[in-house]
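Worksheet: the structure to be examined is printed underneath.
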Amino acid sequence: MSDSPQPDLVAPPSRRRAFGQFWRSAPTSFKAGTIVLLIHVLVAATGPFWAPFGAGEMRTGVPLSGVSWLHPFGVDQLGRDVFSRVVHGGHIVILLSLSGTLLGLVIGAVVGLLSGYWGGWVDELLQRLLEAMISIPFLVLALLAVITAGPQLSGSPVMVALVVAFVYAPRIARMARAAALDIVTRDYVLVARLRGESAWSIMRRELLPNASGVLLVEFALRAGYAPVLIGSLGFLGFGMKPPTPEWGLMIADNRQLIFASPITVLGPGLMLATLVVGLNLFTEGLARILGRSTRPVAR
Amino acid sequence: MNAPDPPPPLLSVVGLDLAYRHGESWRRILHGVSFDILPGEVFGLVGESGSGKSTVAYQLLGYRHPNARIEGGAVQFRGRDLLHIERRELNDLRGDRIALVPQNPTTALSPAMRVSRQIAEVLRWHGAVLDSAAAQRRVQELLDEVGLPGSAARRYPHQLSGGQQQRVCIAMALACRPDLLVLDEPTTGLDVTTQDQIIRLLADLRSRLGMSMLYVTHDLGVLAEIADRVGVLYAGHLIETAPAATLFHRPGHPYTRGLIASRPQIDPARAVAGERLRGLLRRDQLPPGCPFAPRCDFAEPSCSVNSQRLERIEPRHWVACQRWRELPEPVAQPQQRSGVLRDDGSGPLLTLERVTLGYGGHRRHGLPPVVQDLTITVGRSEIVALVGESGSGKSTVARAISGLLAPLAGSIGFAGELLAGNLRRRNPRLRRLIQFIFQNPDASLNPRARVGEIVGRPLQLFFRPGRAELRRRTLQALDDVRLGPDYLARFPDQLSGGERQRVAIARALACEPELLLCDEVLSALDVSVQAEVLDLLGRLRRERGLAMLFITHDLAVVRALADRVGVLYRGQLMQLSSVAATFCAPFHPYTLSLLLAVPGARPPGAPALPPAAHAPGSYAGCAFAGRCPLQQGSLCETTPPPWREAGPDLAIRCHIPLPELAQLAAAPGAMIPTEAP
């Protein structure tokens with residue numbers, strides 16, 4: 001029962017209407033996630049211009065004075081306005097998460113797809129290596145990487161992004177390999193091999209486009225956890241260095257005084273939580289949309 | 001409605017309208033479909049893919065698809081409307097009074113359950129047996145009924161062949177002795193000989209049990225064998241119903257005429273006159289009137305406006321065509337065949353010399369190779385067909401020629417050069433000159449690449465043209481398969497099955513090959529689309545002198561296209577002959593069994609062939625021993641048969657002397673069935 005759709009024969013719907021149709025049929029989780037993310041991105045992009053105080057500005061109010069209209073997230077022990085710092089730090093968290101995950105995705109996808117395509121002992125070797133890396137807990141692996149890099153690099157944003165990529169790449173590679181194992185059995189890969197295409201070319205032309213759905217979902221999923229990882233690094237003192245207004249770092253700074261002023265910890269925590277929840281809702285919705293639109297291939 | 005005689009119908013479909021969700025709107029799939037099935041009658045429903053025939057079949061089971069909406073009509077069965085009864089009532093009916101035999105037994109059977117448990121489950125659900133001992137007895141009876149050994153009960157589905165799995169599905173359907181059996185393409189995907197056995201089994205069961213059946217298929221030949229009455233479905237409209245014999249001899253509707261004429265015929269003398277179908281069923285371009293009008297050779301302007309109703313043109317023969325009275329007599333169309341192109345003295349293009357092929361596992365387990373000592377040549381611009389059942393090794397041969405599988409012994413030569421067994425060691429020129437076309441275009445086209453990229457990539461790789469040149473040559477390759485420039489930007493899922501296969505052919509043509517390896521390129525396509533691709537391949541050979549190794553199980557296609565035919569059985573070449581010699585005596589016994597198994601081709605009264613044996617007794621003698629109806633005692637089992645040349649056009653590997661084989665063909669009734677070991 002295949003009614004071949006002929007989109008070119010139907011009058012092309014205007015872009016706006018097409019979007020409206022897409023939005024109406026999107027899952028609720030996707031809509032909610034998108035809205036939360038949009039607010040976060042908006043705040044991160046414009047925040048530095050309208051934040052009531054500077055990121056490092058001291059003596060903005062009475063330290064640890066709690067919630068007020070002027071200081072919605074309170075004032076920390078150095079007299080800095082926590083809300084302003086959170087707003088100033090937004091773009092740092094978002095940029096670091098995305099760049100780190102993106103780097104992990106590129107490395108993971110290339111390694112995983114090629115491993116799945118080659119098969120045999122190369123695949124075996126790579127997989128055992130990846131398994132070994134995955135078996136080490138998240139944070140231990142991250143700390144290992146930070147320590148290996150040495151003290152002069154520690155605290156630089158590049159280092160943090162690299163650590164995120166290093167932690168994620170093996171996990172993404174496994175997903176990519178699983179996808180590749182299925183795709184390499186298709187005849188179009190065989191056709192490419194018969195033509196004499198190189199492994200790289202087959203990976204790029206045949207495997208990658210067909211694994212893109214899986215990889216996109218994996219990317220979004222990992223990007224959702226990245227703020228937590230970066231926050232944890234900051235909390236443990238291996239991430240960004242103070243006085244950077246990075247959220248995890250802020251939580252760590254203020255945690256001893258949580259009983260004196262809970263809001264100075266809860267504020268950044270709330271932002272981190274909404275970002276992660278937003279990303280996860282968005283991801284889950286995206287996975288459902290992609291799962292829906294991948295058309296089954298008859299065999 | 002078309003039964004003037006007393007017996008009230010067992011089941012009536014009345015004016016069934018059904019729509020599927022299509023984006024945010026609903027698209028009408030069935031338009032007022034009405035037919036009756038009488039007690040004990042086999043009603044065949046035939047149509048192209050997308051005609052809605054399976055949808056009709058599932059409505060007889062009251063299947064409520066979440067994306068479907070009944071817009072009108074009823075399915076009356078024993079005074080109840082199956083479309084509107086309670087779910088619980090429906091569950092009691094399904095499997096008990098109305099049972100389904102699905103299309104694909106491999107996915108219909110649970111891989112984790114033994115056969116006996118799957119059948120007993122049906123029995124227990126409907127309370128047909130009291131205890132498990134009775135259930136086991138009943139399972140044995142059922143297996144016996146469908147011609148399976150009792151030991152099959154303990155097997156898992158994957159331990160059975162496709163034909164045996166379908167028998168299990170039939171046994172499950174029969175378990176509660178239903179009044180109506182709904183068969184949804186039950187033999188599609190089976191070998192021609194296996195299909196023949198399943199159809200015989202169904203005909204036999206029907207005569208013994210007196211069941212009614214709805215048989216849904218795209219293959220008219222099958223219906224000629226089994227159906228009493230046939231309904232033709234087109235785009236959700238029932239356009240003709242008639243007794244089977246009437247339909248084949250005096251089809252009333254232009255579509256039915258086209259459908260019958262589009263079937264490649266084994267015997268040209270019996271070819272049915274008529275115009276082949278052209279174009280494709282396009283659901284999005286249906287006129288408000290007759291749905292077939294855009295493809296009809298006899299359509300007049302009012303056809304697309306007037307909605308057509310079934311009219312009685314003779315007793316029990318109804319046609320929905322306003323022009324049925326004025327249709328001209330069908331004109332016989334000569335089968336297009338180019339003469340056999342003889343060698344021009346430069347020697348054959350492809351030579352296989354005593355090639356033996358096998359996979360790693362085969363040797364380790366001491367199994368015989370998949371293909372043994374195969375010697376065959378393909379001349380320049382010659383089409384050689386390799387026929388055989390699945391498992392005969394015919395696709396393995398194509399894999400070896402393409403360089404995917406290195407031969408264990410023997411050599412493959414191409415245009416005087418020795419081909420390296422491994423693809424990596426062949427130079428780009430050889431990789432370009434030999435092109436492979438696969439069975440299923442859905443799988444051989446990258447779903448995420450546009451047609452332009454799919455066809456353009458080999459050009460880029462082999463010829464390194466500039467941008468303008470690349471575009472010109474891509475368009476040229478598409479034009480060769482009659483696809484226009486507007487296809488460049490499409491994705492494969494925006495094409496029909498036939499268009500997809502043509503894109504796959506264009507991709508091969510872009511390489512400017514000399515040899516095409518065609519592996520079952522037609523079997524995944526609809527009848528009318530098959531005819532179209534077949535014409536295309538024939539034209540390419542005439543115009544470009546392309547040579548082809550054409551692998552197929554369909555003898556009718558062979559007859560329409562090939563110059564020479566090799567018949568392969570379990571990896572051994574049984575017969576090699578010109579196409580003319582293939583279809584007349586003397587035959588190899590296996591060739592004859594293939595010919596007799598083609599639906600609609602068997603002369604009346606011809607006996608059944610023994611079922612396909614799964615493992616021969618020994619590998620020492622003839623591979624066909626054990627299944628051969630003419631086996632010569634132990635000789636066939638112990639001694640390899642000789643390769644006998646019976647003239648320039650025919651060679652047969654058999655112990656039986658050629659004159660005797662010739663006699664056998666003259667009277668196929670002489671073939672006495674023997675029990676399979």
Side-chain angles (χ1 to χ4, degrees), chain A residues 1-13 17-18 20-26 113 118 120 179 182-216 290 292-299, chain B residues 20 22-24 27 29 49-55 280-285 399 402-404 423-424 426-428 431-432 434-449 453-454 457-458 461-462 486 489-497 499-500 504 507-508 511 519 524:
Chain A
M1 304 243 97
S2 63
D3 293 331
S4 52
Q6 306 286 351
D8 53 333
L9 298 169
V10 195
R17 270 193 53 198
Q21 196 172 2
F22 166 77
W23 183 253
R24 271 197 303 283
S25 64
L113 291 176
W118 277 321
D182 177 41
I183 301 168
V184 288
T185 60
R186 304 289 161 83
D187 284 343
Y188 52 83
V189 179
L190 204 56
V191 172
R193 272 176 63 201
L194 285 173
R195 259 200 314 263
E197 300 266 11
S198 65
W200 179 260
S201 163
I202 288 179
M203 195 274 291
R204 205 167 62 80
R205 286 169 207 280
E206 319 288 339
L207 302 185
L208 189 59
N210 289 290
S212 60
V214 177
L215 291 176
L216 203 61
L290 289 174
R292 185 169 68 192
S293 67
T294 29
R295 281 157 253 222
V297 177
R299 57 201 74 229
Chain B
Y20 278 125
H22 190 78
E24 287 188 31
R27 178 181 273 185
I29 294 295
S49 59
S51 62
K53 53 188 190 302
S54 294
T55 308
L280 283 168
L281 166 52
R282 299 270 285 262
R283 283 270 187 187
D284 50 351
Q285 293 174 16
R399 287 176 71 87
S402 67
L404 291 171
L423 188 67
R424 283 163 197 271
R426 293 188 185 176
N427 63 41
R431 287 201 300 257
R432 178 172 71 76
I434 303 176
Q435 286 294 316
F436 205 128
I437 302 173
F438 289 85
Q439 167 174 7
N440 191 344
D442 295 342
S444 68
L445 301 181
N446 184 344
R448 294 291 171 113
E453 299 164 43
I454 292 172
R457 178 60 196 162
L461 191 73
F462 290 124
D486 51 322
R490 294 210 193 159
F491 286 100
D493 61 358
Q494 295 170 335
L495 306 174
S496 70
E499 286 171 332
R500 266 176 246 169
R507 172 174 60 191
C511 302
D519 189 2

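Chain identifiers are assigned alphabetically (A, B, ...) following the order of the sequence lines, protein sequences preceding nucleic acid strands; residue numbering begins at 1 within each chain.
In this structure, B:Arg457 and A:Ser201 approach most closely via the heavy-atom pair NH2-OG, 3.6 Å. Of all non-hydrogen atoms in A:Asn210 and B:Pro447, the two that sit nearest each other are OD1-CG, 3.1 Å. The minimum heavy-atom distance between A:Ser212 and B:Arg448, with the atom names listed, is OG-NH1, 3.4 Å.
Note: B:Arg399 CZ to A:Leu190 CG = 6.0 Å, rounded to the nearest 0.5 Å. Here CZ of B:Arg507 is found 6.5 Å from CZ of A:Arg195. Values are rounded to the nearest 0.5 Å.
At a 4.5 Å heavy-atom cutoff, B:Arg426 makes no contact with chain A through either its backbone or its side chain. In this structure, chain A has no heavy atom under 4.5 Å from any part of B:Pro428. Only the backbone of B:Leu445 comes within contact range of chain A, with heavy atoms under 4.5 Å apart.
Looking only at side-chain heavy atoms (C-beta outward), B:Phe436 and A:Val191 stay at 4.5 Å or farther from each other. Annotation: side chain of A:Glu197 is in contact with side chain of B:Leu461 (closest heavy-atom distance under 4.5 Å). Looking only at side-chain heavy atoms (C-beta outward), A:Arg193 and B:Leu404 come within less than 4.5 Å of each other.
Within 6.0 Å of CH2 on A:Trp200 lie no more than 12 heavy atoms contributed by other residues, nucleotides or ligands.
Taking a cutoff of 4.0 Å between a charged side-chain nitrogen and a carboxylate oxygen, A:Arg205 and B:Glu453 do not qualify as a salt bridge.
A donor atom on one side chain and an acceptor atom on the other are not found under 3.5 Å apart for A:Asp187 and B:Asn440.
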